[in-house]
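Naming: A, B, ... by sequence-line order, numbering from 1 per chain.
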2 protein chains.
Amino acid sequence: MTPGGDDQPGAVSLEGLDSVLSASPEREAEAGRASTATLYDVARLAGVSTATVSRVVHGQDRVRAATRARVQQVIEQLGYVPDGAAQSLSRRRKNVIGLVCVEHVGLAPRQYDIESMSLLFYDEVLRGVEARLRDHDLSLLITYLREDKDFDWVTAPGGPLTFFPRLLSLSGKVDGLLIGEGIVPTPVLARLAERLPVVVIAGDPDERAADVVTADNRAGAAAIVTHLVADHGRRRLFHVDGPPTAPDAKQRRLALADVLRAHPDAQLIGSYDGLFSVQSGEDAAAALLASWGTSLPDAVVCANDQMAIGVLQALTRSGVRVPEDVAVTGFDDIFVGGLVQPGLTTVHQPMRLLGEQACARLLERIAAPSLLPAVQLLPTELVLRSSCGCPRGTATRQLVQPTHVVRPADGSPTPTTDGRRAAGAPV
Amino acid sequence: MTPGGDDQPGAVSLEGLDSVLSASPEREAEAGRASTATLYDVARLAGVSTATVSRVVHGQDRVRAATRARVQQVIEQLGYVPDGAAQSLSRRRKNVIGLVCVEHVGLAPRQYDIESMSLLFYDEVLRGVEARLRDHDLSLLITYLREDKDFDWVTAPGGPLTFFPRLLSLSGKVDGLLIGEGIVPTPVLARLAERLPVVVIAGDPDERAADVVTADNRAGAAAIVTHLVADHGRRRLFHVDGPPTAPDAKQRRLALADVLRAHPDAQLIGSYDGLFSVQSGEDAAAALLASWGTSLPDAVVCANDQMAIGVLQALTRSGVRVPEDVAVTGFDDIFVGGLVQPGLTTVHQPMRLLGEQACARLLERIAAPSLLPAVQLLPTELVLRSSCGCPRGTATRQLVQPTHVVRPADGSPTPTTDGRRAAGAPV
DNA sequence: ATGAAAGCGCTAACAT
DNA sequence: ATGTTAGCGCTTTCAT
C-alpha cells in the first residue's frame with residue numbers, strides 16, 4: 001500500500017496475522033482438535049457476562065466503548081466464532097434455505113457430452129437463488145435427488161412418514177425449501193409445506209400445495225408451434241415428448257394440443273416419448289424414419305433442446321435436410337443450440353430469473369407464512385434461428401405474450417409475471 | 001397468437017388456477033405457523049421417555065417392538081422431524097460441509113455467452129462433491145465469494161478477525177470447508193485450517209496451510225507447449241496469461257518457462273495479462289496484432305479456453321489463419337472448444353474428479369483431524385484438435401504423465417494422483 | 001450499561 | 001428395555 005520501500009501490501013496484512021498465528025504450534029498437534037472457544041470463554045477472559053459478549057458480537061449499541069474494545073480484543077485473541085447450531089437453536093431460525101434439485105432418470109451427465117449441458121438448468125437456477133440470498137446473510141443447502149434412487153418411496157412400506165426420507169430430514173435443517181421440478185407428488189409436497197415454506201421451481205402450474213414459480217411453458221410452446229404452423233405453413237407435425245414426470249413437458253404437450261385445436265388444418269401425425277436426452281432425440285428420429293420414412297412430417301416439435309439436437313443429428317445423418325425437408329424445434333435455449341447447423345429455433349426459458357424469483361417468493365413466505373400458495377409464470381422468449389424454416393442466419397428473439405394469471409388476493413406485492421429482457425432484441 | 005377462436009392457451013390455464021384460490025383462506029390465516037412437534041411431544045404422547053423416542057428415531061435396537069411401533073405411530077401422527085440445529089448442537093457435529101466458490105473479477109457470467117461456460121468449473125466440482133457426499137448423509141452448504149466484493153478485507157480496519165467475514169461465519173456452520181481456487185491468502189487459510197478441516201480445490205500446490213487438490217496444471221501446460229514446440233516446430237511463442245490471483249494460471253506460466261528453458265531454440269516474444277475471459281482473449285489478440293502485426297508469433301499459448309476462443313475469433317476476424325499462420329492453444333477443455341473452427345487444442349482438467357477427491361480428502365480429515373496437510377495432483381489430458389497445427393479432424397486425448405509429488409508421511413492412504421480415464425481414447 | 005438465568009430441542013452417559 | 005438428567009453454545013428477557 002505504502003509506495004516504495006519494503007512495505008508491500010502483502011507484508012502489511014501479514015503483520016496482524018502473524019501475531020494471531022503465533023499461538024503455540026506444538027499445542028496444535030497435542031490438542032488434536034483445538035476445542036474451539038465459546039462465548040463463555042470470551043466472557044470469562046474479558047470479565048463480562050455472556051450477554052455482553054453477545055451484544056458486542058452483534059454490534060448492538062448498549063455497550064460502553066471501553067467494554068466493547070476489551071471484549072473485541074479477547075474475541076480476536078481467542079479466534080472466537082459463534083457456533084451456528086447453537087445460534088440456530090436459540091434463535092429458532094436457521095438462516096438456511098434448501099435447494100433440492102431433482103434429476104431425471106437417464107440424465108446422468110456424461111462428461112464431454114452435450115448432455116452435460118442439462119446441468120445448466122440447475123446451475124443457472126442456483127446462480128439466481130444465490131444472488132437473492134447473498135444480501136440476506138442466509139446460507140444455501142443444496143441437495144440432488146435422483147428420480148430412480150430417492151423415489152422408491154412409492155413402493156416402500158412404512159406409511160407417509162418414510163416418504164422421501166432425504167427431503168424430510170432436510171426439512172429439519174432449513175427455514176424453507178426450494179424444490180426443482182415437480183416430480184414430488186402433491187401429497188408429499190403438502191406434507192412438507194405444512195411444516196415449512198416451500199416453493200416449487202419449474203413445477204406444475206396446477207399445483208395447489210405450494211408456491212410455484214415456473215416459465216410460461218404453455219405460452220412458449222404455443223408460440224413456437226404456432227410459428228411453425230402459421231408462419232411456415234407446416235401442417236403435419238411430429239411430437240417428441242419429454243418424460244411423463246416432468247411438469248414442463250406436460251405444459252408443452254398441452255400447448256401443442258391447444259394449437260392443433262386452433263388450427264384444424266394442422267395435424268399430429270405421431271409422437272415419441274423421449275427422456276429429454278440427446279439419445280432420446282436420436283431414437284425418436286429413428287422411429288420416425290422407420291414409420292414415416294416415405295412421407296415425413298413437415299416438422300418435428302421437441303420438448304427440449306437436447307432432444308431436438310439429437311433429432312437434428314440423426315435426421316441429417318440420414319440425408320434428410322433440415323429445415324427444407326423437415327423443420328425441427330426445441331425448447332429451453334441451451335447454449336449449443338446456437339452453434340449447431342442449422343441454428344436451432346427454440347424457446348428461451350429464463351432459468352436464472354426462475355431461481356431469483358423463486359427465492360424471493362420463499363423469503364416472502366418465510367417472513368409471512370400465512371401467504372396463500374400462488375403460481376408465478378415467467379415469460380419466455382421465442383428464439384428464431386433457421387431450423388424452423390426461417391432463412392439462414394436468422395437470429396431473433398421475441399418476448400412471448402405471457403399467459404394471463406390471477407394471483408390470490410393475499411396482498412402480496414409480487415408481480416404475476418416479470419419480464420426482464422426487451423422483446424425483439426437480437427440474440 | 002391463436003388466430004380466431006376464444007380457446008387461447010392463456011385462458012385454459014386459468015381454470016386450474018381459479019380452483020387453487022378457493023382453498024379455505026380463513027383456515028390458512030388461523031394456522032399461522034403450526035409450531036412443529038418436538039421430541040418431548042412425541043415422548044409424552046407415546047408415554048415414553050425422550051431417550052426412547054430418540055432410539056426409535058435412530059433405529060437403535062434396544063427398544064421393544066411394541067414400544068417402537070407405538071412411538072413410530074405417534075411420530076407419524078405428529079409429523080415429527082428432528083430439529084437439525086438441536087441435533088448438531090448436541091452431537092457437536094453439524095454434518096454439513098461448506099463449498100466456497102471464488103469468482104474472479106470480470107467473470108460475472110453474462111447470459112447467452114460463452115463466458116457462462118466458466119460456470120462449468122464449479123458446477124462440475126459441485127457434482128463431484130455431491131457424489132461423494134450423498135452416501136454419507138452430509139449436507140452441502142454452498143457460498144460464492146466475489147473477488148471484488150468479499151475481499152476488501154485487505155484494506156479493511158479491525159484486525160485479522162474481521163478478515164473474510166463471510167468465510168469466518170461460514171466456518172461456524174460446517175464441519176469442514178472446501179475452498180475453490182487459491183485466492184484466499186495463506187495466513188487466512190492457516191487461520192481457518194486451525195479451526196476446522198479445510199481443503200483447497202485448484203489451489204496453489206505450494207500451499208502449506210491446508211490440503212490442496214488440484215489438476216496437474218504444470219505438467220499439462222508443459223505437455224501442450226512441448227507439443228507446440230517439439231511436434232509442430234513452433235518457435236516464437238506469445239503467452240496470454242491468466243489473472244495474477246489464480247493459482248492455476250501461475251502453474252501454467254511456470255510450465256511455459258520450464259519448456260522454454262528446455263528448448264533454447266524457442267522463445268517467448270511477448271505476453272498479455274488476461275482475465276480468463278473471452279474478451280481478454282480478443283484484447284490480447286488486438287494487442288498482438290498491434291505490436292507484432294508484421295511478424296506474428298508461431299503460436300499463442302492461452303492460459304484457458306475462453307481466452308483462446310477470444311484469440312481465435314479476433315485473429316480469424318483479422319484474416320489471420322489458424323493454425324496455418326498462427327497456432328492457438330487453450331486449457332481446461334470446456335465444451336465449446338470442440339465446436340469452434342478450428343477445433344481447439346487444449347488440456348483437459350478433471351473438474352468433477354477434483355470435487356470428488358477434494359471431498360474425499362475432507363472427509364478423511366474430518367475423521368482424522370491430525371493428518372498433515374498434503375497436496376494431491378490429478379492428472380490432466382492433452383486434447384489434440386487442429387488449432388495447434390494437427391491435421392483437420394484430429395480428435396485425440398492422451399494422459400499427461402503426472403508430476404511426481406511427495407506426500408507427507410502421515411500414513412494417509414490417499415494416492416498422490418488418480419487417473420480415471422484411459423489414455424488415447426477418442427474424444 | 002451490564003448481569004443472571006431460563007430456555008431452544010436433542011443426545012448420551014448413567015442409572016434402573 | 002427404558003428413564004433421568006446433564007449438558008451442547010447461544011439469545012434474550014428481566015433485573016439491577
**Message:** From CD of B:Q60 over to C1' of C:dC10, roughly how many Å is that when rounded to an integer?
**Reply:** 13 Å

**Request:** Decide, yes or no, whether a salt bridge links B:R361 with B:E364 under the criterion of side-chain N to carboxylate O below 4.0 Å.
**Result:** yes

**Fill in**
The nucleotide from D:dG9, D:dG3, C:dG9 with an atom nearest the side chain of A:Y40 is D:dG9

**Prompt:** Going by modelled atom types, is there a donor-acceptor pair between the base of C:dG3 and the side chain of A:R55 at under 3.5 Å?
**Reply:** yes

**Request:** Rounded to the nearest angstrom, tell me the gap between atom CZ in A:R91 and atom C1' in C:dC8.
**Result:** 13 Å

**Prompt:** Atom CG of B:D83 and atom C1' of D:dC8: how far apart are they, to the nearest Å?
**Reply:** 13 Å

**Asked** Are any of the side-chain heavy atoms of A:V129 and A:L362 separated by less than 4.5 Å?
**Response** no

**Request:** May I ask you to say what A:G47 touches in the nucleic acid, namely base, sugar-phosphate or nothing, with a heavy-atom cut-off under 4.0 Å?
**Result:** sugar-phosphate

**Message:** Is the shortest side-chain heavy-atom distance between B:V100 and B:Y122 below 4.5 Å?
**Reply:** no

**Request:** Check the distance between D:dC8's P and A:Q87's CD and give it to me in whole angstrom.
**Result:** 17 Å

**Fill in**
Of C:dC10, C:dT2, D:dT2, the nucleotide closest to the side chain of A:T67 is C:dT2

**Closest listed nucleotide, where the reference is the side chain of B:S54 and the choices are D:dC8, C:dC8, C:dT11** = C:dT11

**Fill in**
Among C:dG9, D:dT11, C:dG3, the one nearest any side-chain atom of A:T52 is C:dG3

**Prompt:** Which nucleotide in the list C:dT2, C:dG9, D:dT4 gets nearest to the side chain of B:A51?
**Reply:** D:dT4

**Message:** Between A:C359 and A:E130, is there a side-chain heavy-atom distance shorter than 4.5 Å?
**Reply:** no

**Asked** With respect to the side chain of A:S90, which nucleotide from C:dT11, C:dA5, D:dC10 is positioned closest?
**Response** D:dC10

**Message:** Between P on D:dG9 and CG on B:L89, what's the gap in Å once rounded to a whole number?
**Reply:** 7 Å

**Asked** What integer distance in Å separates A:L39:CG from D:dT11:C1'?
**Response** 9 Å

**Request:** Looking only at side-chain atoms of B:R62, point me to the closest of C:dT2, D:dT4, D:dA1.
**Result:** D:dA1

**Request:** Measure the distance from CZ on A:R93 to P on D:dC10 and round it to the nearest whole Å.
**Result:** 20 Å

**Message:** Rounded to whole Å, how long is the line connecting atom NZ of B:K94 with atom C1' of C:dT11?
**Reply:** 15 Å

**Fill in**
Ranking B:V48 and B:A86 by the position along DNA chain D of their nearest nucleotide, the one closer to 5' is B:V48

**Message:** Quick one, B:V42 and B:V56 - any side-chain contact, counting heavy atoms below 4.5 Å?
**Reply:** no

